[in-house]
Amino acid sequence: MTDSKYFTTTKKGEIFELKAELNSDKKEKKKEAVKKVIASMTVGKDVSALFPDVVNCMQTDNLELKKLVYLYLMNYAKSQPDMAIMAVNTFVKDCEDPNPLIRALAVRTMGCIRVDKITEYLCEPLRKCLKDEDPYVRKTAAVCVAKLHDINAQLVEDQGFLDTLKDLISDSNPMVVANAVAALSEIAESHPSSNLLDLNPQSINKLLTALNECTEWGQIFILDCLANYTPKDDREAQSICERVTPRLSHANSAVVLSAVKVLMKFMEMLSKDLDYYGTLLKKLAPPLVTLLSAEPELQYVALRNINLIVQKRPEILKHEMKVFFVKYNDPIYVKLEKLDIMIRLASQANIAQVLAELKEYATEVDVDFVRKAVRAIGRCAIKVEQSAERCVSTLLDLIQTKVNYVVQEAIVVIKDIFRKYPNKYESVIATLCENLDSLDEPEARAAMIWIVGEYAERIDNADELLESFLEGFHDESTQVQLQLLTAIVKLFLKKPTETQELVQQVLSLATQDSDNPDLRDRGYIYWRLLSTDPVAAKEVVLAEKPLISEETDLIEPTLLDELICYIGTLASVYHKPPSAFVEGGRGVVHKSLPPRTASSESTESPETAPPGAPSGEQPDVIPTQGDLLGDLLNLDLGPPVSGPPLATSSVQMGAVDLLGGGLDSLMGDEPEGIGGPNFVTPPAAAVPANLGAPMGSGLSDLFDLTSGVGTLSGSYVAPKAVWLPAMKAKGLEISGTFTRQVGSISMDLQLTNKALQVMTDFAIQFNRNSFGLAPAAPLQVHAPLSPNQTVDISLPLNTVGSVMKMEPLNNLQVAVKNNIDVFYFSTLYPLHILFVEDGKMDRQMFLATWKDIPNENEAQFQIRDCPLNAEAASSRLQSSNIFTVAKRNVEGQDMLYQSLKLTNGIWVLAELRVQPGNPSLTLSLKCRAPEVSQHVYQAYETILKN
């Protein structure tokens, strides 16, 4: 009878009976009882009560019984750690058993028992097994080190197991070498900074020798390890390639892909002129083709990897087009992937074959596949110019079939063909217009509208066609609405007399009746262009369009290089780097191909910067208000890099309309509002003459008085406040404040450890914020923070970080990381830390600017309970970079006229009225960015009252 009988009993009182059987003197009865226990455990019953009885059965020579007991032990040791210690003596004894299978079984089980209390007892047996005479025991022990490292890394390092593991790479047995490599790779992945796999030509040689003799999984471990090695020159790269090439003929597809990964990586270092380079290209094609005869799931993985290889080196498979032709019984996911690769391999030599095949696919029954096939015909036309005419006639034949989805896809791709080859195939427009009524998909409708607008002068009834779309304007998708708006404006510019009503109708629909901001904005821009300067409108709307590129869906070169290093892994199937889908990103290292050698410079690969070097300047992206928590969660919490200061932060601030409007340019002769970021103080001669004339408001004579200049002391510093309570941060409490001294801003932090464990590895990062505040240096906590210890740190800040308008304006979101977790908090910084030292405005300039800023931008505030005289107030404000430009007395009131400038170039002008004997002050603020006024008032109040 088979062992299935153990799963069929459901008696009551079973535990008691099993207990009796486990303590029986008869060996057979004991074995039967343990089997019943394991069966109960497997179906989910709790048999942990039998722990001591099962452990007693360990003392046996019967290998089968010992395996069963060990299985039970692995399952329940975690929930019964105190009982599990009973088994330690048996482990130690079993590790010295004459039978190598029992020694290996003991060491394997030890690695699977994840109980801290037991771990230290297992070090001695493990040390013996790592030096065991039997290779089976040594290879098992090697894997056990990796498991132990996962439980207690410090212990493994202290006991010197890592050095023993490195020595095993030179072992005489290939399986021991493979397991040692696997264990070291696993440990290195969780500790990217440790240089465990310190590979050199000697150790590489040993790995290559072991490669020929180990099992398939051992070969994969060794090949993956080789892929992380960078040869010192092209000769070494070639020598490794020669010894790895035989793996391409292995039966296991994982071994083949790992070998392809190593060869693709090291080919970077070979010169294209070498004969060997050509030979290698020829050798790579057959194994990849062979992978396509496997079952569909394997085919799919192979095709995703081939897609990457073809983008990197199309020459490998350029003669293998036929294997990518679709079979009638391929699943849809394989069909679509093959289609993609066919287009990538299409060239003048094989285009006739490809087109005949694609035309065949367009008559299939699978709708998704047919759509993709029609699109593929268009992509071929764009890629291979000589085939364009043939492609267009194929598409026209397909349109004649009148199959709705085929017609729609054909129109979408013909639009792209028009963009690529202007003034060549416009004769087909008439045929397209016949199918207008059948279009119901947004993309096809938008493409057709684009064609009508672009070639309006060739279509007699263009206005009628566009008017027919206009009838249901509000029911259309945004894509169609935007396209329709542009097309009608194009039509108006080409035929102004006939289409005036039509253009007014669409502009009114877009601007007044629509709630889509994109559509409204585009409508307003066209409206203003057409009403102010029709000639300029024509130049903008009917401008020459750039030709579209051949391959629009190629993976970006640096990402492609990284994905090539991950061939044969999930990253190569998703076409995303591991950091994009591995939770927490633990141990994810960014890989890159080795730099090309000097002899193999090629104009084909511009992306040959050495690993870590930036591949060209990063474009500035205008920041948008995104999901702020998401932004913080995605922060890379390494030490912040202080980039080069931007030309002027106000360029980025444009997106949030915090521009000071370029006040300095007011004195020049530019029209208002155009003085961009060129903040250059103009010469005095440029002041308009009329500014000196009396103004009637009494403002002009204030400039004859002396300015109240105080002595410079540090800016006001608020007392530290708790920003992150220990309750919310697993015992870490953060208090802090902000300071500005002699032009430098800093965040003064106090970190207190209220937990029971030591805290290390601190790092800090800010989310994007209104003024670009960012750490100018890493967070330096020089020693581990012990429990109940407090440390004070001053973190220097700069204002060259990413900018995004926050609510409120002075909100700062911070992420702090340590060895326990990442914690988030937000705080409000006082605006006066952003007041710069050169904020004193020239008097003439003050007068001109005050007049120039519209009156609606003026805000008035009361500062109560502030019994200061004008002199004391002026002196106190000056120490925080609020400068008194002039002072006068009007009807017993002291009037202080003041200026200040923020780090992003925004000027704020102020009038402070001080009534002797009255503790209330009146503050009037004028600024081009009125949203800062409230925060400037708060800064005034804070400085004057403290």
Side-chain angles (χ1 to χ4, degrees), residues 628 631-646 649 714-726 728-754 758-786 789-804 806 809-837 880-881 902-904 939 942:
L628 300 180
D631 285 345
L632 274 177
L633 291 173
N634 294 330
L635 288 175
D636 175 13
L637 285 161
V641 180
S642 53
L646 299 171
S649 340
S715 171
Y716 165 71
V717 180
K720 287 193 174 103
V722 176
W723 288 341
L724 182 66
K728 290 188 177 174
K730 299 183 182 175
L732 172 67
E733 182 176 283
I734 300 179
S735 308
T737 185
F738 295 90
T739 63
R740 182 185 185 94
Q741 260 153 1
V742 204
S744 303
I745 307 172
S746 52
M747 181 191 246
D748 292 348
L749 295 166
Q750 188 174 68
L751 309 181
T752 306
N753 182 355
K754 295 190 175 178
V758 174
M759 294 182 181
T760 57
D761 305 334
F762 284 92
I764 192 164
Q765 185 111 12
F766 295 175
N767 197 4
R768 296 181 293 172
N769 54 78
S770 306
F771 293 91
L773 276 177
L779 183 61
Q780 301 283 359
V781 181
H782 293 295
L785 195 59
S786 307
Q789 189 187 349
T790 296
V791 63
D792 288 301
I793 300 150
S794 183
L795 177 73
L797 308 181
N798 59 30
T799 51
V800 297
S802 296
V803 174
M804 177 171 70
M806 300 296 285
L809 207 59
N810 57 340
N811 188 13
L812 180 65
Q813 295 179 329
V814 183
V816 172
K817 164 186 165 276
N818 63 13
N819 57 323
I820 297 170
D821 206 344
V822 181
F823 308 107
Y824 305 101
F825 65 89
S826 63
T827 179
L828 301 177
Y829 49 90
L831 212 64
H832 67 261
I833 63 165
L834 304 172
F835 297 172
V836 296
E837 281 64 25
S880 291
N881 296 334
L902 296 168
T903 48
N904 60 356
T942 306

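As the structure is a computational prediction, the values presented were derived from the model and not from experiment.
Taking every heavy atom of both residues into account, S786 and V758 meet most closely at CA-CG2, 4.4 Å. Contact between T737 and A718 at its shortest, heavy atoms only, is OG1-O, 2.8 Å. Closest approach of F766 to A774, counting heavy atoms only: CD1-CA, 3.7 Å.
Evaluation of the side-chain hydrogen bond (donor to acceptor under 3.5 Å, both in side chains) rule for T790 yields T752 as partners, not counting sequence neighbours. Scored by the side-chain hydrogen bond (donor to acceptor under 3.5 Å, both in side chains) test, K754 finds E733 as partners (sequence neighbours excluded). Taking the side-chain hydrogen bond (donor to acceptor under 3.5 Å, both in side chains) definition, one finds that D792 meets it with Q750, sequence neighbours left out.
Between the OG1 atom of T760 and the CG atom of N819 there is a distance of 3.5 Å, given to the nearest 0.5 Å.
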query: Passes side-chain contact (heavy atoms from CB on, under 4.5 Å), Y829 versus L797? Steps please.
result: CA-CA 12 Å; Y829 49 90; L797 308 181; over 6 Å; no
What do the steps show when you test N810 against F771 for side-chain contact (heavy atoms from CB on, under 4.5 Å), and what is the final call? CA-CA 8 Å; N810 57 340; F771 293 91; 5.8 Å; no
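With a 4.5 Å cut-off on side-chain heavy atoms, L779 and L749 count as touching.
Note: F738 and W723 have tilted aromatic rings, judged against thresholds of 30 and 60 degrees for the angle between ring planes.
Between the side chain of R740 and the backbone N or O of F835, at least one donor-acceptor pair lies under 3.5 Å. A donor-acceptor pair under 3.5 Å links the side-chain atoms of N753 to the main chain of L785, judged by distance alone.
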